[in-house]
Amino acid sequence: MIGFGGIGSGTAPGHARPVSSAKSQSIAFRLGLAMVLILIAVVTATILAANQFGQAASDETFDRLLRGAALQIAERISVADGQTQVDLPVSAFELLSLARNDRVFYRVIGPDGRTLTGYDDLPRPARQSRGAGAVIYDARYKGTPVRAVMLTRQLAERSISGEVMILVAQTTGERSALATSIATRAVLIIAAAGVLLLFLALIVLRIALRPLARVERAMLMREANDLSPIDVPAPQEIAILLQAINRFMGRLDKRIEAMQNFVADAAHQIRTPITALRAQAQLALEEKDPARLERLHRRLYARSVGLGRLADQLLSHALIAHRADTATMERIDLRRVALEAERETRAVADEAVLVELPDEEIWIEGDPVSLREAVKNLINNAIRHGRPPVTLRVARQGDAEAQIVVTDRGSGMSEEAAARIGERFTSDGISPESAGLGLSIVASVAAMHGARIIRHKPEGGGFAIGFQFPMDHS
């Protein structure tokens with residue numbers, strides 16, 4: 001039995017089958033319903049065509065008999081002693097008598113318009129053109145629908161000349177029965193063929209959708225934490241779907257792995273300064289010497305500041321990681337990013353930063369929140385590890401790129417530290433001066449925006465580091 005239910009109805013052991021929405025429908029149901037509707041439309045159109053064909057075939061058959069009878073009558077019309085005479089042939093009516101349940105009417109009209117023989121009130125066709133030959137028409141006679149033929153014969157004798165019209169009519173009972181018989185047989189054949197075609201189509205549909213069932217079983221048999229690619233033989237159309245699913249699971253696997261590593265590293269990094277903070281607080285409680293107690297208080301303050309900085313950077317890093325997948329890029333002026341980053345840094349660090357901006361707008365496509373966090377980290381690194389003055393500069397780099405660079409008068413980072421840009425927690429975890437996440441945030445934002453991290457030492461001394469973005473000229 002072939003049904004329209006969901007593909008792959010089996011459920012893997014130990015796995016609960018997800019509850020589907022009441023509005024959801026399987027692909028098999030949709031395709032099957034579409035095929036049924038198409039088949040109904042085709043069968044309906046074919047039945048209508050069969051009815052028309054049956055009626056046309058029946059009319060053609062009986063019309064030939066009518067024309068034959070009229071021709072035989074026309075051949076027996078003659079002129080004798082100046083009078084038109086009609087000798088009705090028996091054979092003409094023998095042809096029409098094949099339709100046993102039908103009645104036959106005839107009428108012969110002379111050149112003067114008088115009825116020579118037959119039924120005087122048998123109607124002529126509503127429209128008649130001269131020289132048209134045999135005219136087939138429908139009429140009603142004695143309250144019964146009839147099919148009639150009118151044939152014209154030209155007389156050209158000395159005494160009589162003109163047209164003689166021969167009308168022969170027949171009721172339509174037998175021809176309607178023949179048309180019905182032809183149409184019924186055609187409909188039965190079409191219906192049988194349609195049912196067979198639908199059955200074969202459902203079988204083919206079931207076979208064609210088997211790869212989806214294999215994919216479903218392969219996914220249901222997996223453990224919840226198995227995000228490896230699905231390797232199931234599938235036709236090209238389903239293979240494209242599998243590739244999309246595999247790419248999505250690959251991205252999900254990377255996000256989960258990054259999250260797990262980040263949580264583990266963050267727990268370790270937070271645990272270390274908290275332990276140091278607790279140890280120094282315990283020493284402060286036991287210390288009686290005012291000078292040493294003051295030094296311990298300073299260390300406690302520095303450690304608490306470092307712990308707060310670590311917490312801020314952890315939250316900032318989590319925000320950047322989240323926005324890398326969800327943020328919508330927009331067209332922003334790089335000068336606005338610089339001003340907002342400098343203002344927020346000054347509100348927290350209370351440090352003066354010189355901002356150099358061009359007069360013209362510099363447009364890029366990016367996420368303003370992520371860019372602002374990255375620039376703030378560059379400024380904070382320059383304030384803590386460099387020497388004043390700290391300068392934030394935005395400038396064009398040719399016609400296609402733009403830069404935002406932070407410069408200080410310090411010696412800058414070593415080559416070893418530069419090679420580790422992008423790694424998380426590059427500090428030793430003990431020094432309160434660095435949480436080790438600033439440049440990791442910078443590297444993540446650069447990758448998110450397709451930008452490059454640039455660094456160099458200006459001619460007058462110091463160190464410069466920043467971003468180089470492709471400009472948006474739209």
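Sequence positions, counted from 1, serve as the residue numbers for this chain. Every value quoted in this text rests on a predicted model; they were computed, and no experiment measured them.
Side-chain contact check for Gln55 and Asn51: no donor-acceptor pair (N or O, by modelled atom type) lies under 3.5 Å.
Under the 4.0 Å criterion applied to side-chain N and carboxylate O atoms, Asp472 and Arg331 are assigned as salt-bridge partners.
Across all non-hydrogen atoms, the minimal contact from Ile404 to Ala338 is CD1-CB, 3.9 Å. The two residues Ala218 and Ile230 have their closest heavy-atom pair at CB-CG2, 4.4 Å.
Atom-to-atom distance recorded for Phe463:CZ and Arg387:CZ is 15.0 Å, nearest 0.5 angstrom. If you take CE on Met471 and CD1 on Ile364, they are separated by 9.5 Å, rounding to the nearest 0.5 Å. The structure places NE2 of His297 at 9.5 Å from CD of Glu287, a figure rounded to the nearest 0.5 Å. In this structure, Arg247 CZ and Leu242 CG are separated by 11.0 Å, a value rounded to the nearest 0.5 Å.
At least one side-chain heavy atom of Ile454 sits under 4.5 Å from a side-chain heavy atom of Gln403. Side-chain contact between Leu378 and Val405 is absent, with no heavy atoms from C-beta onward closer than 4.5 Å.
Environment of CZ in Phe53: sparse, with no more than 12 heavy atoms of neighbouring residues, nucleotides or ligands closer than 6.0 Å.
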Problem - Audit row: Val149, Asp63, side-chain contact (heavy atoms from CB on, under 4.5 Å) steps and yes/no - result: CA-CA 8 Å; Val149 60; Asp63 289 348; over 6 Å; no
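Of the possible polar contacts, none joining the Asp333 side chain to the Arg336 backbone as a donor-acceptor pair under 3.5 Å is found.
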